[in-house]
Amino acid sequence: MSDAQPDLSHDQHAVRRQKLAELRAAGTDPFRASFTPTHSSAQALRAHVAGQDYTVAAAVGGRLVTIRDMGKSQFVKILDQDGQIQLYLKRDVVGEAAYAAFKRLDLGDIIGAEGTLFVTKSGEITLKVDRFVLLAKALRPLPEKWHGLSDPEQVYRQRYLDVIVNAESRARLLLRPRIVSHIRRFLEDRRFLELETPVLEATPGGAAARPFKTHHNALGADFFLRIATELRLKRMLVGGFDRVFEIGRIFRNEGVSRKHNPEFTMLEVYEAYSDYRGMMRLVRELLESLVRDVVRPADGSLRLRHAPSGQDIDFGAPWREVRYKDLIREATGDADWFARSKADKIAGAERLGLGVNPAWEEFEITNEIFSKRIEPTLIQPTFVTHLPRELCPLAKLTADDPSTIDVFELIIGGMEVAPAYSEQNDPDVQREMFERQAGEERQNIDQDFLLALEHGMPPAGGMGIGIDRLCILLTGAESIRDVILFPQLRPGAT
RNA sequence: GGGUCGAUAGCUCAAUGGUAGAGCAGCGUCCUUUUAAGUCGUUGGUUCUGGGUUCGAAUCCCAGUCGACCCA
């Protein structure tokens, strides 16, 4: 009768499955238990009354992330959405059988516990446990407790582990919903309506980008995933919805990089009877309030550390406003840049160390200088205004210089954060701009949008903010992947 | 799409052509106020995959998979 059992003590998955089997054999199924917390961890910590230990009762639930077994008593910590709280178990309190059962728990198990709050010798508010219940058995071990999880692939594919063991990831990814929530409240407080417009579109428009294509079977038609929400929202300006916004998922079938994910989130805001200058005030108030009320720098200022440049970005100081053409003249050292020939511009770009494709249009050569040599240097909040008209067909032409448009591009930390326009509402000019941009591909013009404009769209200011990039800025993240829960990766084995 | 770098125990990392190791986690013991708890002992490997070179490959070469960074 001495069948040698294989030693599975090294196989944590097998050990945990064995523990689960034992529990079930004894008549308890952790996955069928129920438990209702009375407090989150943070609420429980706040509920403790100084000097009155063991008087306030609380029930908390969460994942076991620390176990300190001291023989006949244990200190453990559980993690819930709000954070961690320490639990203290004594054999004398919970009883012999329950204490033995507690010792069978593993890091990662999800439990509920009720008891009373007290302060330990070292000053930590702790729940002295009277009763506990296992609510979910973790069959897989957690990553290492001190170094956390650092393999980037596993961080992205198994984000749930990242946020359990990496406090920085957790804080960063918890900040994003608070940022989005603040934006909604900010806009709703100013009478903006949040609209929802289609993701599937017959004609993708509102931006220059390659779309994803899909097919609707019942309609027998190809559709594209939207590349912007602009043209839909403007239709609603025509409809008399004066202040509208959408926080929407946008899809662009382009490269993946530290600043690009194929799907990302864009805020677009439109305000009738306003213009790009109104959008300046709006975006500045929005960003200042986000820094002040959501990020809350520890020193009470409106300064955020910008690691790549080593500077502090000061949202409280005056924001620079400068014309695009002036920045180009400054960067090239050529006051007559815009009067130069294309050959001169190519030579000028090359003097700045930029390789340019001779097939490019002149404005593209100039814009290469802007995006490679100017934009990265604009760390403090900067409104770059009056961009060349070719860069955006949806904005109003500047009254005294029809080669530019009434727009700004807000640059912060060397990154485009928010473009905004005085929206083009002249249907004839809009049609001409579309046709010039579309060239041979006129079938891509959104005729239905032009029809809407002919019904009359009020003058309006509009603005777009890339939420992901905004989160990069506000959280000090290095990559868009750090502010997206599940960034796009190649399908692969987890 | 191109270039560079990487993949070793559940996790974080060593081992630079010659017996694959450590810390944490796990398993077993001691400990009733711990803070990366401490203590004694101990298990654990398809070295990403497939070829090749070699007496011998985690290590060198080729191809592939996945990832990171840079460039387009």
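Letters A, B, ... are given to chains in the order of the sequence lines, protein chains preceding strands, and every chain is numbered from 1.
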Pairing partner of B/G18, by Watson-Crick or G-U wobble and under 3.5 Å for both distances, is B/C55
Among B/U34, B/C24, B/C31, which nucleotide sits nearest the side chain of A/Gln86? B/U34
Of A/Phe118 and A/Leu142, the one whose closest nucleotide on RNA chain B sits nearer the 5' end is A/Leu142
Is there a side-chain polar atom (N or O) of A/Arg481 under 4.0 Å from OP1 or OP2 of B/C69? yes
Nearest-nucleotide pick for A/Thr126, side chain only, options being B/U34, B/G26, B/A68: B/U34
Counting only distance, no hydrogens or angles, is the base of B/U34 paired donor-acceptor with the side chain of A/Thr66 under 3.5 Å? no
Can you check whether A/Ser257 has a side-chain N or O nearer than 4.0 Å to OP1 or OP2 of B/C71? no
Residue-phosphate contact under 4.0 Å: A/Lys19 side-chain N/O, B/C27 OP1/OP2: yes
Using purine N1 to pyrimidine N3 plus N6-O4 or O6-N4 for Watson-Crick, or N1-O2 and O6-N3 for G-U wobble, both under 3.5 Å, which nucleotide pairs with B/U65? B/A7
Would you say the base of B/A25 and the side-chain of A/Gln12 have a donor-acceptor pair closer than 3.5 Å? yes
Any strand counts, and the cut-off is 3.5 Å on both contacts for Watson-Crick or G-U wobble. Which nucleotide pairs with B/U34? none
Of the listed B/A25, B/U32, B/A68, the closest approach to the A/Lys90 side chain comes from B/U32
Under 3.5 Å, is there any donor-acceptor pair linking the side chain of A/Lys121 to the base of B/U34? no
Does A/Lys145 place a side-chain N or O at less than 4.0 Å from the phosphate oxygens OP1/OP2 of B/G10? no
Assess whether one donor atom and one acceptor atom, taken from the side chain of A/Gln74 and the base of B/U34, lie less than 3.5 Å apart. no
Tell me which nucleotide, if any, is Watson-Crick or G-U wobble paired with B/G26 when both distances must be under 3.5 Å. B/U42
Donor-acceptor pair present, A/Tyr54 side chain and B/U33 base, under 3.5 Å: yes
Base of B/U34, side chain of A/Thr120 - is there a donor-acceptor contact under 3.5 Å? yes
Looking at A/Val65, A/Leu134, A/Val76, which one forms a side chain to side chain contact (heavy atoms under 4.5 Å, CB included) with A/Asp109? A/Leu134
